[in-house]
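Notes follow once the structure below has been shown.
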Amino acid sequence: MKTKYIGKFDPLKDEVVRVIDKDGKVINPTLMPKISDEELIKAYSIMNLSRRQDDYQNKMQRQGRLLSFLSSTGQEACEVAYTMVLDPKKDFFVSGYRNNAAWLTMGQPIRNIMLYWTGNEMGAKAPDGVNSLPPNIIIGSQFSQATGLAFAEKYQKRDGVALTTTGDGGMSEGETYESMNFAKIHEVPVVFITENNKWAISTPTYEQTKSINLAVKGIATGIPSIKADGNDFLASWAVAKEAVEFARSGNGPVFIEYDTYRLGAHSSSDSPDVYRPKPEFENAKLYDPLIRMKQYLIDKKLWSEEKQVKLDEEQSAHIAAEFAWVEENKNYGIEDIFNYQYSELTEDLKEQMNEAKEFFAKYPESKDGGHH
Amino acid sequence: MAIINSIKAVTEALDVAMERDPNVIVFGEDVGLEGGVFRATQGLQQKYGIERSFNAPISEAMFAGVGLGMAMNGMKPVIELQFQGLGLPSLQNIITNISRMRNRSRGKWTAPLVIRMPMGGGIRALEHHSEALEVIYAHIPGIKTVLPSTPYDTKGLILAAIESPDPVIVLEPTKLYRAFKQEVPEGYYTVPIGEGFKIFQGNDLTVVTYGSQTVDCMKAVELLKASHPNATIELIDLRSIQPWDKKMVIESVKKTGRLLVVHEAVRSFSVSTEIITTVNEKCFEYLKAPLSRCTGYDVIIPYDRGEGFHQVNPQKILVAMQNVLDYKF
Ligand SMILES: Cc1ncc(C[n+]2csc(CCOP(=O)(O)OP(=O)(O)O)c2C)c(N)n1
C-alpha cells in the first residue's frame with residue numbers, strides 16, 4: 001500500500017506528523033488529510049462533549065456522587081481521531097481506563113460511562129453494535145487482547161481491525177512489547193497506540209524510558225511506527241486513518257505514538273500540583289487541542305462563538321440529564337453480584353445467593369455498615 | 001511515643017530500616033518524590049536520596065525479578081506494588097523464582113526481599129483495587145505472608161519482614177491505612193512473624209480473623225452483648241497468615257469449644273478452609289459446635305454498588321457468632 005505518513009516519518013530522528021500549529025494555523029498543507037467539513041464539526045463536537053463531561057464529572061466527584069474517574073482532558077483530539085476512523089460494524093476498540101472521548105466516539109452512551117464510574121458493572125456493557133471493550137484497568141493487558149481479536153479476524157478471513165491504546169507508563173509493561181512482537185510475527189490487523197501524556201501518575205516519561213521517544217519501541221518488533229502530534233486533530237486523524245487502512249489491507253500491525261498532554265489530574269483522587277512543574281503545565285495549556293481545533297474551524301468559517309455557546313448549552317443539558325438518569329438507576333440487587341460468574345449459577349452459588357438474600361432481607365441497612 | 005495511623009507506621013518502619021542499613025532501598029511505581037499513591041514512602045527520597053527511594057517504570061514482573069537479583073546480591077529491597085489486584089504480573093517471579101531460590105540453590109542463594117502492597121475492599125475503589133487475594137500468597141511454599149491490622153503491628157511486622165532472611169509479602173489493608181491511630185514506639189522494634197495477638201480473652205467462642213475484619217469483629221463482639229450478655233469471646237488477630245499461629249488458635253479452641261473464622265476474601269479454598277481443617281484435625285474431641293466461617297461470597301469482588309453485599313460486616317459477623325453460640329447438637 002502506498003502511504004503518505006507511515007514510513008515517511010522516522011521515529012529514530014524524532015520526526016512528528018503535524019498539520020496545524022498551536023493557534024490552529026495550517027503549517028504543513030501537504031500533510032492535510034482528506035476529511036469532510038461535516039466530519040470535522042462532528043469531531044469537534046465530540047471533543048467538546050468529552051471536555052464538558054469531564055468537567056461535570058469532576059464536580060460530581062467532589063460532591064461525592066461519583067467515584068474516582070480518569071479524565072481525557074487534553075487528549076481529546078487523538079482519542080476522537082483514532083476511534084472515528086474505525087468501522088463500527090466490524091472493528092474493535094480495546095480501551096484503557098482514560099478514554100472518555102474515544103468511548104463517546106465509539107457510541108458508548110454517557111449514562112453507561114457515568115454508571116461505570118459510580119461503581120455499577122452494567123456501565124461497562126456496551127450497547128449492541130458498539131464494539132468497545134470495558135475499561136481496562138490492568139495496564140498492558142489491552143495490547144494482547146487486541147492482538148488476539150485481530151488474530152481471530154485474520155484467521156476467520158474477516159477484515160476487521162482491532163485498535164488499542166495505553167499511556168506512556170503503559171509502554172513499560174512487558175506485555176505491551178510481547179503483544180507487539182506476536183502481532184508482527186503473525187502480521188495481524190491491529191493498531192497499537194500510546195497516548196504519551198507525559199505523566200504516569202507522578203512519574204514523568206523521562207523516568208519511564210531513556211528512548212528518544214516511544215515510537216521507537218515499535219521499531220524493535222519490526223512494526224512500522226510513527227509519531228504524531230496528538231493535540232492536532234488533523235494530524236491525529238490522518239495517521240490513524242492511514243494506519244487502520246494499512247492494517248485492514250493485510251499489511252500487519254502499526255504503532256502510533258501520540259504526543260499529547262494530560263491537562264487534568266491523573267484521577268480525581270490525585271493532585272498534580274505536588275509533582276508537576278507549573279511552567280510545564282502553563283505551556284501545555286497553550287497546546288490545548290480544543291482551542292487549536294476551534295480556531296482552525298473558525299478560520300475555515302465552519303464555526304463561530306455563537307455556535308459554541310449553543311453547543312455548550314445543549315451538551316451541558318444532555319450531560320446533566322444523563323447523570324440524573326444514573327442517579328436514579330445506579331443501584332442494583334443482590335442477584336447482580338452472582339448472576340454473571342458463570343453461564344449458569346452453580347449449586348454452591350445458588351446457596352450463597354440465598355444466604356445473602358435472607359441476610360439482607362433481615363438487615364438491609366448493614367449493606368452500608370462498617371465499610372463505606 | 002507518637003500516636004500515628006497505619007500509613008505513617010509504614011513510613012516509620014521504612015525510615016528506621018533505611019537509617020540502620022544502607023542496603024535497604026525502596027522502589028515501585030511513584031514511590032519517589034510523591035511517595036506512592038498512599039504516600040507510604042513520602043519523604044524518604046528527600047532524606048535518603050534518589051538512589052535509595054525511587055520511581056520505577058511500571059512493570060511489576062520486573063520489580064519482583066530485579067528485587068530478587070538485588071536480594072541475592074546483598075541488598076534488602078522493599079518493593080511497593082500499587083494495589084494487590086494490579087500487582088499480579090509479579091506473581092510469576094514470586095512463585096517461580098523468589099519463593100524457590102533457597103530451595104533450588106540448596107541454600108547457596110536466598111531471597112530476603114520484602115514486597116508490600118495495599119489490599120482489600122471497603123474503600124469505594126475502582127475495579128481490581130479491592131481484591132483480597134491473601135490465599136494465593138499463603139499457598140506458595142517459601143514465602144512468608146503477613147497482614148497487619150494496627151499501626152503498631154504494621155511497623156513491627158515490616159521491620160520483622162526486612163530483618164527476615166526469607167522473602168516476605170506484606171499485605172496492608174487499605175481500609176485501615178487512615179482508619180485510626182495508635183501509640184507506636186519510636187525507633188526499632190519487631191513483631192514476630194507467625195505470632196497472633198489476642199485482642200479479647202474469652203471462654204465461649206474463639207473468633208479468628210486478620211486485616212480489616214479485626215475491626216469489624218471488635219464491633220460485632222460489642223453488639224453481641226445485647227443478645228448474649230454472659231458469653232465471652234476470645235478474639236484472635238492472626239497478623240501473619242503463613243506461618244499462622246496454630247498454637248494460639250488450637251489452645252483457644254480447646255478452651256472454648258467453638259470457632260468462627262472471619263475474612264473478606266471469597267469463601268472457597270481460603271484461609272478459613274485451612275484453619276478449620278487444622279482445628280478439626282487437632283481438637284475434634286473438644287468441639288461443641290460445627291466449625292464455622294463468615295466470609296465473602298465466591299464472586300468477583302463487585303464494584304462499589306454491589307460491594308456492600310459482598311463485604312463482611314459487623315452484622316454478618318454477629319449473626320454468625322450467634323449461630324455458633326446457640327448451636328444445639
Ligand atoms: C498492571 C498495572 N499496574 C499498575 C497500575 C496502577 N496504575 C494506574 S494508572 C497508572 C499510571 C499509568 O500511566 P500511563 O500509562 O502513562 O497512562 P495515563 O494514566 O497517564 O493515561 C498506574 C501505574 C495498573 N492500573 N495496572
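Proteins get letters first, then strands, A, B, ... in listed order; numbering begins at 1 in each. Treat the numbers as computed from the prediction; the structure is a model and nothing was measured.
- A:Gln341 touches chain B through its side chain: at least one heavy atom from C-beta onward sits under 4.5 Å away, while N, CA, C and O do not.
- Looking at A:Glu121, its side chain does come within 3.5 Å of a backbone N or O of B:Tyr303 through a donor-acceptor pair.
- Between the side chains of A:Ser202 and B:Glu34, a donor-acceptor pair is found at a separation under 3.5 Å.
- Between chain A and the residues B:Gln315, B:Arg267, B:Lys316, B:Glu60, the largest count of heavy-atom pairs under 4.5 Å involves B:Gln315.
- The most heavy-atom pairs under 4.5 Å with chain B, out of A:Asp348, A:Val274, A:Thr346, A:Asn331, come from A:Asn331.
- For A:Asn120, the parts lying under 4.5 angstrom from a heavy atom of chain B are both the backbone and the side chain.
- A distance-only check finds no donor-acceptor pair linking the side chain of B:Asn55 to the backbone of A:Thr203 [under 3.5 Å].
- In terms of heavy-atom pairs under 4.5 Å with chain B, the best-connected choice from A:Phe69, A:Tyr97, A:Tyr116 is A:Tyr116.
- The contact list for residues 44-51 of chain B toward chain A, using heavy atoms and a distance under 4.5 Å, is empty.
- For B:Val319, the part sitting under 4.5 Å from any heavy atom of chain A is the side chain, from C-beta outward, and nothing else.
- Contacts between B:Ala179 and chain A at a heavy-atom distance below 4.5 Å are absent for every atom of the residue.
- Shown here is B:Phe269, whose CZ atom has no more than 12 heavy atoms of other residues, nucleotides or ligands within 6.0 Å.
- Residue B:His129 holds its NE2 atom at 6.0 Å from CD1 of A:Ile137, rounded to the nearest 0.5 Å.
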Can you give me every donor-acceptor pair (side chain of residues 82-95 of chain B, partner residue at least two apart or in another chain, under 3.5 Å) with its distance?
unit_1, atom_1, unit_2, atom_2, d
B:Gln82, NE2, B:Glu29, O, 3.4
B:Gln82, NE2, B:Asp30, OD2, 3.0
B:Gln84, OE1, B:Leu133, N, 2.8
B:Ser90, OG, B:Gly87, O, 2.5
B:Gln92, OE1, B:Thr96, OG1, 3.4
B:Asn93, OD1, B:Asn97, ND2, 2.7
B:Asn93, ND2, B:Ala61, O, 2.9

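- Nearest heavy-atom pair, B:Pro302 versus A:Ile337, reported as atom, atom and distance to 0.1 Å: CG-CG2, 3.7 Å.
- Smallest separation of non-hydrogen atoms from B:Ser59 and A:Ser172: CB-O, 3.4 Å.
- Ranking A:His266, A:Lys330, A:Glu207 against chain B, the residue ahead of the rest is A:Lys330, based on heavy-atom pairs under 4.5 Å.
- Across every non-hydrogen atom of A:Ala200 and B:Ile58, the tightest pair is CB-CD1, 4.2 Å.
- Here the CD-CD1 distance, from B:Glu127 to A:Ile138, works out to 8.0 Å after rounding to the nearest 0.5 Å.
- Once rounded to the nearest 0.5 Å, the distance linking OH of B:Tyr297 with CD of A:Glu351 reads 12.5 Å.
- Contacts between B:Val37 and chain A at a heavy-atom distance below 4.5 Å involve the side chain alone, from C-beta outward.
- For chain B, the nearby parts of A:Ile201 are the backbone and the side chain; heavy atoms of each come within less than 4.5 Å.
- Note that CD of B:Gln311 and CG of A:Asp368 are 11.5 Å apart. Values are rounded to the nearest 0.5 Å.
- Using a 4.5 Å cut-off between heavy atoms, A:Leu70 contacts chain B through its side chain alone, with no backbone atom that close.
- In this structure, the portion of B:His128 lying under 4.5 Å from any heavy atom of chain A is its side chain and not its backbone.
- With chain B as partner, the option from A:Tyr340, A:Phe359, A:Tyr275 having the largest number of non-hydrogen pairs under 4.5 angstrom is A:Phe359.
- If you tally non-hydrogen atom pairs under 4.5 Å between each of A:Ile334, A:Thr209, A:Thr176, A:Leu349 and chain B, the highest count goes to A:Ile334.
- Between chain B and the residues A:Gly140, A:Gly170, A:Ser267, A:Gly333, the largest count of heavy-atom pairs under 4.5 Å involves A:Gly333.
- Contacts of A:Leu67 with chain B are made by side-chain atoms alone, with heavy-atom separations under 4.5 Å and no backbone atom involved.
- Both the backbone and the side chain of B:Ile300 come within less than 4.5 Å of a heavy atom in chain A.
- Atom OG1 in B:Thr295 sits 6.5 Å away from atom CD in A:Gln352 (nearest 0.5 Å).
- The OG atom of A:Ser68 sits 10.0 Å away from the CD1 atom of B:Ile123 when rounded to the nearest 0.5 Å.
- Contact of A:Pro134 with chain B is not made at all, since no heavy-atom distance falls under 4.5 Å.
- Contact count against chain A (heavy-atom pairs under 4.5 Å) is highest for B:Leu126 among B:Leu33, B:Leu126, B:Ile301, B:Val215.
- Contacts between A:Phe360 and chain B at a heavy-atom distance below 4.5 Å involve the side chain alone, from C-beta outward.
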